[in-house]
Asker: 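Can you keep this structure in mind? I'll have questions shortly.
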Amino acid sequence: MKKILILIAAVVITSCSNNLEDLNQNIKDPAAVPGESLFTGAQKNLVDQIVDVNVNNNNTQLWAQFLQETTYTDESNYDQIGRNIPGTHWSILYKDVLKDLDEAGKVIAATTYPLASDVVLVPNKLQVIEILKVYTYSILVETFGDIPYTESLDIDNLLPKYDDGLTVYKDLITRLTAAINALDTTKGSFGTADNIYGGDVASWKKFAASLKLRMGILLSDVDNAFAKSTVESAVTSGVFTSNADNANFKYLSADPNTHPIHSNLILSGRHDYVAAETIVELMQPRSYEYLTDSNEDGTIDNKDNKTVVPGSVTRTDPRMKYYFLNNVDADTTTPETVYLGGVIGSSSGFSTHTQVSAKVEAAEAPGVILDYAEVEFLLAEARARTFNVGGTVKSHYDAGITASFVNWGGTVAEATSYLADPAVDYDTLIATKTWKEVIGNQKWIALYNRGFEAWTSIRLLDFPIMNTAVDAVSGYPNKYTYPVIEQTLNGSNYTSAVSAIGTDTAEQKLFWDKN
């Protein structure tokens, strides 16, 4: 009888114990994050970082001299350290993008999907993840040079070695080629979890090929033969052919899913940026006269005292009205609306200088990471380098400008009229200028509001010429300096990387920036 009672008690205790454990379980939240959710989050973190203008995150619109700060001018004077910009960029791309993409791939590969219709999507999902990983690594190489790569995503290795930038870049192109070949355009991928292409695999294939084109062009001055084969292979795979192909991340109308520029220019209530003089002066050439000097020694040390001479506007790029507001009072003696950009590195009054357009600061403005206009300019560069990509330099140059006009809301007729201007026409300009200057200037205008790629294009082509910042703490930045945390915690590998690239200074040119 005693044995029976002990047995009953044991059963009761075990039963109670199991019930208590059941009560402690969270039945409302998922036990693990789905790979698709990790992908969505990583994709947004990536695009946010690329398109942001917050001075704590991304200063490239200032370095590309599309914008100028109104009050705090450190970043437009190339100060990378005050706000630890390199460290933020490094952390976001490695931790919030690459690591989450890597984990998304692992989770998706390990998931048992109940429906056959979901199972067949897995291979394409993994290739889309791979394409975005390649894109992210390419941005890191383009901004820092040598980076942690082969050991970068191992959470057990807190001191990853740095790999040679050129070796990494070529390996990324190899990975990208494999992903292009592996995509199955007869099947889907992420569907609504993908806020760029909605899971359309054909679009991802075009994006990957266009990215390969861009990466190939970047290597033209360091390994021309490799660049040529890469570019020609990319074009064969099928690059963008219209603005419908643009890689535009879809933002929403409500915070926190609005475009980062909307958050910084509208929701913040701050007036931190105006148009920079560099882009205004190239899009609307004009003459100046200097007002009375404000220096005690009688010298004029910058153009902060300039005013527009009546009747001095020679022409205005029609895209100005899409890029900027005409908030600066025009001189009544001219039919032109006068745009006035802020002097680079100098404080510039918000109300007295040209401001960005409502189109740029809209909540649902697209987050662009690659577009058709850029592809056409890359093809123009390829033809100028005698790569076999079809067409002529002029035909691709014209197509790039036309695509830019149409993408911003203009018309083909406007573009055609603009292209007929001798100051724009390729055949006229090339008689006295290099192709790098002619293409570089127009490509940069078309890349307006895309700071990272514009900065890369400036470094590669050396055009347009950037204005000198009035209180620059360095020469024009050719790279991000390495994060301070890498110098302190990963010192040995950091030192080796610096030795390999030359110096850890803003002026240090990276391996692909030869001319």
Asker: Would you kindly say whether D79 and N77 are connected by a side-chain donor-acceptor distance under 3.5 Å?
Answerer: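 No donor-acceptor contact under 3.5 Å links the two side chains.
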Asker: Taking E374 for the side chain and L447 for the main chain, is one N or O donor matched with an acceptor at less than 3.5 Å?
Answerer: no
Asker: Please determine, by modelled atom types, if N264 and D52 share a side-chain donor-acceptor pair under 3.5 angstrom.
Answerer: yes
Asker: Among side-chain atoms of T73 and S347, is any donor-acceptor pair under 3.5 angstrom?
Answerer: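 T73 vs S347: no donor-acceptor pair found between side chains.
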Asker: Is there a donor-acceptor contact under 3.5 Å from the side chain of S189 to the main chain of G199?
Answerer: yes
Asker: Tell me if the CD1 atom of I485 is crowded by more than 12 foreign heavy atoms within 6.0 Å.
Answerer: no
Asker: Can any side-chain N or O of Q68 pair as donor or acceptor with the backbone N or O of S346 at less than 3.5 Å?
Answerer: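 Here the side-chain-to-backbone pair exists.
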Asker: When you check the side-chain N and O atoms of Y149 and D171, is any donor under 3.5 Å from an acceptor?
Answerer: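 Yes, a side-chain donor-acceptor pair sits under 3.5 Å.
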Asker: Any side-chain donor paired with an acceptor under 3.5 Å for Q508 and N478?
Answerer: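 The criterion, which ignores hydrogens and geometry beyond distance, is not satisfied for N478 and Q508.
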Asker: Looking at S242, is its backbone amide N or carbonyl O close enough to the side chain of D245 to form a donor-acceptor pair, meaning the two atoms are under 3.5 Å apart?
Answerer: yes
Asker: Out of the candidates Y169, Y480, Y494, only one should pair with F144 under the ring-ring contact (aromatic ring centres under 6.0 Å, His included) rule; please name it.
Answerer: Y480
Asker: Working to the nearest 0.5 angstrom, can you tell me the gap between I147 CD1 and Y482 OH?
Answerer: 8.5 Å
Asker: Fit a plane to each ring of Y135 and F207, take the angle between them on a 0 to 90° scale, and name the class: parallel (under 30°), tilted (30 to 60°) or perpendicular (over 60°).
Answerer: tilted
Asker: Can you confirm whether the side chains of N124 and W204 place a donor and an acceptor under 3.5 Å from each other?
Answerer: no
Asker: Under the side chain to side chain donor-acceptor pair (under 3.5 Å) rule, what do Q61 and Y273 come out as? Steps first, then yes or no, please.
Answerer: CA-CA 10 Å; Q61 290 232 43; Y273 307 101; over 6 Å; no
Asker: What pair of heavy atoms forms the shortest contact from Y339 to L325, and how long is it?
Answerer: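 That would be CE2-O, 3.4 Å.
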Asker: Report yes or no: is the cationic atom of R175 (NZ for Lys, CZ for Arg) under 6.0 Å from the centre of the six-membered ring of Y137, at an angle within 45° of the ring normal?
Answerer: no
Asker: Is a side-chain N or O of T481 found less than 3.5 angstrom from the main chain of A506, in a donor-acceptor match?
Answerer: no
Asker: Quick one: does T428's side chain have a donor or acceptor within less than 3.5 Å of a partner on V424's backbone?
Answerer: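 Looks like no, no N/O pair under 3.5 Å.
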Asker: Let's go through N467 and E277 carefully: what are the C-alpha distance in whole Å and the side-chain angles of both, what is the deciding distance for side chain to side chain donor-acceptor pair (under 3.5 Å) to 0.1 Å, and is it a yes or a no?
Answerer: CA-CA 8 Å; N467 288 8; E277 63 176 353; 3.0 Å; yes
Asker: How far apart are the C-alpha atoms of Y251 and D48, what are their side-chain angles, what is the distance that settles it, and do they pass the side chain to side chain donor-acceptor pair (under 3.5 Å) test?
Answerer: CA-CA 10 Å; Y251 286 103; D48 281 355; 2.6 Å; yes
Asker: With no hydrogens and no angle check, is any side-chain donor or acceptor of N45 less than 3.5 Å from a backbone partner on G41?
Answerer: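 Pair found, side chain donor or acceptor close to backbone of G41.
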Asker: Please evaluate residues K44 and D96 with respect to the criterion salt bridge (charged side-chain N to carboxylate O under 4.0 Å, His left out), reporting the C-alpha separation (whole Å), side-chain torsions for both, the decisive distance (0.1 Å), and the verdict.
Answerer: CA-CA 10 Å; K44 183 177 186 299; D96 300 330; over 6 Å; no
Asker: Do the charged groups of K133 and D102 touch, with an N to O distance under 4.0 Å?
Answerer: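 Looking at K133 and D102, the cut-off is met.
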Asker: Do the charged groups of D513 and K479 touch, with an N to O distance under 4.0 Å?
Answerer: no
Asker: OH of Y476 to CD1 of I344: how many Å apart, nearest 0.5 Å?
Answerer: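 If I round to the nearest 0.5 Å, the distance is 9.5 Å.
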Asker: Give me the one residue out of I501, L166, L510, V141 that meets side-chain contact (heavy atoms from CB on, under 4.5 Å) with D146.
Answerer: I501
Asker: Can you confirm whether or not the ring centre of Y448 sits under 6.0 Å from the ring centre of F324?
Answerer: yes
Asker: Ignoring hydrogens and geometry, is there a side-chain-to-backbone donor-acceptor pair from E507 to G475 under 3.5 Å?
Answerer: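 Answer holds: yes.
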Asker: Is the NZ or CZ atom of K125 positioned over F190's six-membered ring, under 6.0 angstrom from the centre and within 45° of the axis?
Answerer: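 Flagged: K125 positioned over aromatic ring of F190.
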Asker: Donor-acceptor pair, S457 side chain versus E453 backbone, under 3.5 Å?
Answerer: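 Absent.
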Asker: Evaluate the criterion side chain to side chain donor-acceptor pair (under 3.5 Å) for residue pair Y418 and D317; output intermediate values, then yes/no.
Answerer: CA-CA 7 Å; Y418 179 74; D317 188 318; 2.9 Å; yes
Asker: Is there a donor-acceptor pair under 3.5 Å between the side chain of N243 and the backbone N or O of A403?
Answerer: yes
Asker: Is it true that E142 and R214 have a side-chain N and a carboxylate O under 4.0 angstrom from each other?
Answerer: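 Answer for the salt bridge query: no.
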Asker: Looking at K170 and D223, is any side-chain nitrogen of the basic one under 4.0 Å from a carboxylate oxygen of the acidic one?
Answerer: yes
Asker: Could you tell me whether Y426 and W435 have their ring centroids closer than 6.0 angstrom?
Answerer: no
